[in-house]
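What follows is a single structure, written as structure tokens, with notes after it.
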2 protein chains.
Amino acid sequence: MTPQNDGAARATPARRPTIKDIARRAGVSESAVSFALNGRPGVSQGTRDRIHRVAEDLGWQPNSAARALSGERSGCVGLVLARPAHTLGVESFFLQLVSGVQEVLAARKVALLFQVVEDIEAECAVYRRWWAEKRVDGVLVVDPRSDDPRPELLDSLGLPSVMIGAPAEGERQVSTVWADDSAAMASVLAHLYELGHRHVVHVAGLPGLAHTERRINSLRTEAGRLGLTAIRSVPTDYSDAEGAEATRRVLDSDAPPTAIVYDNDVMAVAGVAVAAERGIKVPGELSIVAWDDSALCRVTHPRLTALVRDTSGFGRLAAEELLARLDGGPVRSLQAELPHLEPRESTGPPTSGA
Amino acid sequence: MTPQNDGAARATPARRPTIKDIARRAGVSESAVSFALNGRPGVSQGTRDRIHRVAEDLGWQPNSAARALSGERSGCVGLVLARPAHTLGVESFFLQLVSGVQEVLAARKVALLFQVVEDIEAECAVYRRWWAEKRVDGVLVVDPRSDDPRPELLDSLGLPSVMIGAPAEGERQVSTVWADDSAAMASVLAHLYELGHRHVVHVAGLPGLAHTERRINSLRTEAGRLGLTAIRSVPTDYSDAEGAEATRRVLDSDAPPTAIVYDNDVMAVAGVAVAAERGIKVPGELSIVAWDDSALCRVTHPRLTALVRDTSGFGRLAAEELLARLDGGPVRSLQAELPHLEPRESTGPPTSGA
DNA sequence: GACATGAGCTAAACCGCATTAGTAGCGTCG
DNA sequence: CGACGCTACTAATGCGGTTTAGCTCATGTC
């Protein structure tokens with residue numbers, strides 16, 4: 001079509017304008033342009049306006065590399081997701097989180113560098129590389145663990161960072177944004193208790209994750225407070241397969257529970273499927289609660305009672321905190337809005353008390 | 001803990017080594033270092049080895065900004081996802097795609113810039129900005145539309161790009177990586193036809209999307225070939241809500257279908273829920289096929305017959321093509337492996353032929 | 001022995017911007 | 001009226017690489 005493009009050759013459609021071009025057109029020096037465009041003093045209002053007009057005309061945008069090289073900032077923040085590829089299943093949490101993050105970052109013209117890796121070692125390697133390459137100004141860290149090597153690493157690299165999901169441990173230079181899983185678990189158990197459930201099983205997520213531990217501990221504490229003994233948590237890897245397997249195991253036990261709380265939506269749905277397989281009525285014979293709401297929970301039959309969080313709000317909060325850190329703000333620990341329980345059709349009074 | 005860190009102040013943990021440091025330590029000029037580290041001629045093997053050793057010792061990594069500024073490349077490619085925030089529901093497709101993309105990019109030390117925006121106008125604005133800022137070397141474009149403004153824009157910007165999902169339209173300098181939706185739809189219809197279905201409804205996705213159009217057209221063509229008349233497609237926005245709504249409508253019609261093909265997994269699951277609501281047996285009275293497999297399809301009861309694609313393989317292919325373009329390769333149109341149908345429990349012969 | 005050749009290296013320019021250190025012009029003050 | 005300070009600007013430098021031009025020395029050639 002375009003005759004000058006013979007195969008591999010790429011056209012050079014329009015040279016990017018630089019401040020030099022602006023300087024020439026406005027009849028001033030490059031420094032004056034730089035001052036004007038960055039709102040620094042040293043230029044008269046008239047000249048400033050003229051420079052802005054010319055820049056606008058030319059459609060100038062700062063070359064991010066040049067800015068990163070001379071200034072401090074790269075204008076990027078990073079997010080690494082460490083998950084074995086096969087685990088990247090149905091997980092609405094992430095895209096929602098990221099969309100919240102973007103909302104805040106985009107407004108400040110900060111880009112998000114995203115990387116998916118296999119495991120936490122690879123994740124640490126990415127941080128090191130990004131740091132060495134000076135590719136990012138800071139990072140958002142997800143899936144905090146109970147014995148997490150990342151805060152120390154990030155601290156030693158001096159890479160500003162925000163942990164998403166768990167309150168700080170130790171005295172690291174790492175902000176945290178978290179939701180109160182303990183209180184949330186308490187509210188779930190209270191809901192089930194009020195309905196009359198005395199025997200509840202918690203199908204938990206990965207044991208290494210900090211929020212898993214907190215949910216498990218909270219469940220134990222609250223059960224003690226209510227005088228319940230037939231309460232326990234069983235660990236899984238969050239997959240539908242293990243969720244189903246755990247469900248079968250607890251239903252097969254001598255004293256099956258009257259309610260199950262699942263640590264994510266996928267496992268909860270898998271649990272419903274197991275119940276359906278066996279002809280167990282939900283919520284008549286078994287009540288089910290999903291931690292984290294999603295389309296999934298509204299799509300099954302019966303629709304699932306779920307713990308709703310404002311995930312994208314969570315992302316916004318985290319991004320704001322990271323930007324604040326980059327601007328020299330203090331290390332903080334921020335708490336997101338408390339999740340609330342959305343009762344739907346999968347929970348009800350047990351038919352026969354234990 | 002660390003006494004020198006008083007609040008906002010960030011520590012400077014270790015200066016990043018530069019080629020200057022390497023040059024000094026190796027007793028050569030900076031240019032020699034650059035030549036050696038980039039495998040260019042002009043340095044003896046001995047010196048080259050020495051330089052490499054020193055670089056290794058110092059843990060040197062090229063500063064991405066500096067490299068971007070002097071060289072051509074920024075070492076980043078971009079991916080923009082245009083979705084209204086509330087649509088970011090259960091969608092395994094993306095994370096899987098991205099994980100495949102990363103696998104290839106990471107091996108070449110190319111970073112992925114990721115952005116979620118509201119709509120396609122915002123998406124175009126992001127491309128313009130990235131181009132002007134010289135932030136990315138190329139982009140991956142998803143969700144091709146039947147009348148898509150993006151290829152023209154990217155072409156005019158001279159931004160190397162790969163469209164994921166649809167074959168090229170027109171003569172743009174844009175590579176495409178796509179799956180044969182037409183053939184896939186034909187195989188789905190053949191499967192249902194063999195089982196005895198003569199009345200099939202296709203609950204389609206967004207009408208504007210190119211692959212939606214191709215599926216619809218293929219369905220019509222194939223139905224014609226098989227002599228079927230009671231075949232149609234109904235459009236939706238991919239959400240579980242519209243999927244359920246469409247299901248109710250077609251089941252309420254005068255001549256309800258014996259099988260429904262859904263354009264994604266979420267809607268298929270919603271369809272199963274609607275059937276359950278009404279006591280319609282799946283697959284006895286209604287067969288259901290989901291386009292795109294996911295944990296979701298294996299988690300419901302009955303488990304869904306689904307069209308399986310190697311999504312992360314798709315991502316790998318796209319990333320490889322983009323890297324090839326960046327290396328000056330020609331614009332190509334690559335076809336991914338044909339999706340295959342995975343029969344599970346949601347399809348079977350209809351109880352009474354139409 | 002004069003000269004071309006090429007390998008191996010260095011010096012210097014450059015990428016686009018930010019920033020620091022001037023400098024010219026001008027009003028003010030003692 | 002010269003010292004001083006202020007405003008509005010320019011020149012120069014640096015960020016960390018890549019790249020081009022040039023320089024030196026050994027070797028080969030007729």
* Round to a whole Å and report the spacing from CZ of B:F35 to C1' of D:dT18. => 8 Å
* Hey, does the side chain of B:R48 reach the backbone of B:A32 with a donor-acceptor pair shorter than 3.5 angstrom? -> no
* Asked: Side chain of A:S64, backbone of B:E133: donor and acceptor closer than 3.5 Å?
  -> yes
* Structure fact -> Checking D:dG16, C:dC17, C:dC9 against the side chain of B:S70 (C-beta onward), the nearest is D:dG16
* Determine the contact category for B:T18: base if any of its heavy atoms lies under 4.0 Å from a base atom, sugar-phosphate if only primed atoms, P, OP1 or OP2 are that close, otherwise nothing. => sugar-phosphate
* Ignoring the backbone of A:R40, work out which of C:dT19, D:dC15, D:dG16 is nearest its side chain. => C:dT19
* Got a salt bridge between A:D148 and A:R172, using NZ or NE/NH1/NH2 to carboxylate O under 4.0 Å? -> no
* Structure fact -> Note: for B:A66 and B:G42 on DNA chain C, the residue whose nearest nucleotide lies more 5' is B:G42
* Structure fact -> When rounded to whole Å, the CG to P distance for the pair B:N38 and D:dT20 reads 13 Å
* Distance, nearest 0.5 Å, that separates CZ of A:R129 from CD of B:Q61 -> 7.5 Å
* Structure fact -> Taking C:dA11, D:dG17, D:dC15 as options, the one with an atom nearest any side-chain atom of B:S31 is C:dA11
* Spacing of A:R24 atom CZ relative to C:dC17 atom P, expressed in whole Å -> 12 Å
* Asked: Between B:K134 (NZ) and C:dC15 (P), how many Å, whole number?
  -> 12 Å
* Asked: Which part of the nucleic acid, if any, lies within reach of A:V28 when heavy atoms closer than 4.0 Å are counted: base, sugar-phosphate only, or nothing?
  -> sugar-phosphate
* Asked: When we call it a touch if two heavy atoms are under 4.0 Å apart, what does A:P41 touch: a base, just sugar-phosphate, or nothing?
  -> nothing
* So does A:W60 get a side-chain nitrogen or oxygen closer than 4.0 Å to the phosphate oxygens (OP1/OP2) of C:dG16? -> no
* Report yes if a side-chain nitrogen or oxygen of B:N63 is closer than 4.0 Å to either non-bridging phosphate oxygen (OP1 or OP2) of D:dC15; otherwise report no. => no
* Separation of B:R48 atom CZ from C:dC9 atom P, in whole Å? -> 9 Å
* Asked: Between atom CD in A:E30 and atom P in C:dA18, what is the gap in whole Å?
  -> 11 Å
* To do: Remember a base hit wins even if backbone is also touched, and classify A:S44 as base, sugar-phosphate or nothing at under 4.0 Å, heavy atoms.
  => sugar-phosphate
* Asked: NA contact type, A:S34, heavy-atom cut-off 4.0 Å: base, sugar-phosphate, or nothing?
  -> base
* Between C:dG16 atom P and B:R135 atom CZ, what is the distance in whole Å? -> 16 Å
* Asked: Side chain of B:R67: nearest nucleotide among D:dC15, D:dG17, C:dC9?
  -> D:dG17
* State which of D:dC15, D:dG17, C:dC17 makes the closest approach to the side chain of A:L69. => D:dC15
* Round to the nearest Å and state the distance from A:E133 atom CD to D:dG16 atom C1'. => 13 Å
* Under 3.5 Å donor-acceptor, B:R50 side chain and B:A26 backbone -> yes
* To do: Measure from the side-chain N and O atoms of B:D137 to the backbone N and O of B:S74, and report whether any donor-acceptor pair falls under 3.5 Å.
  => yes
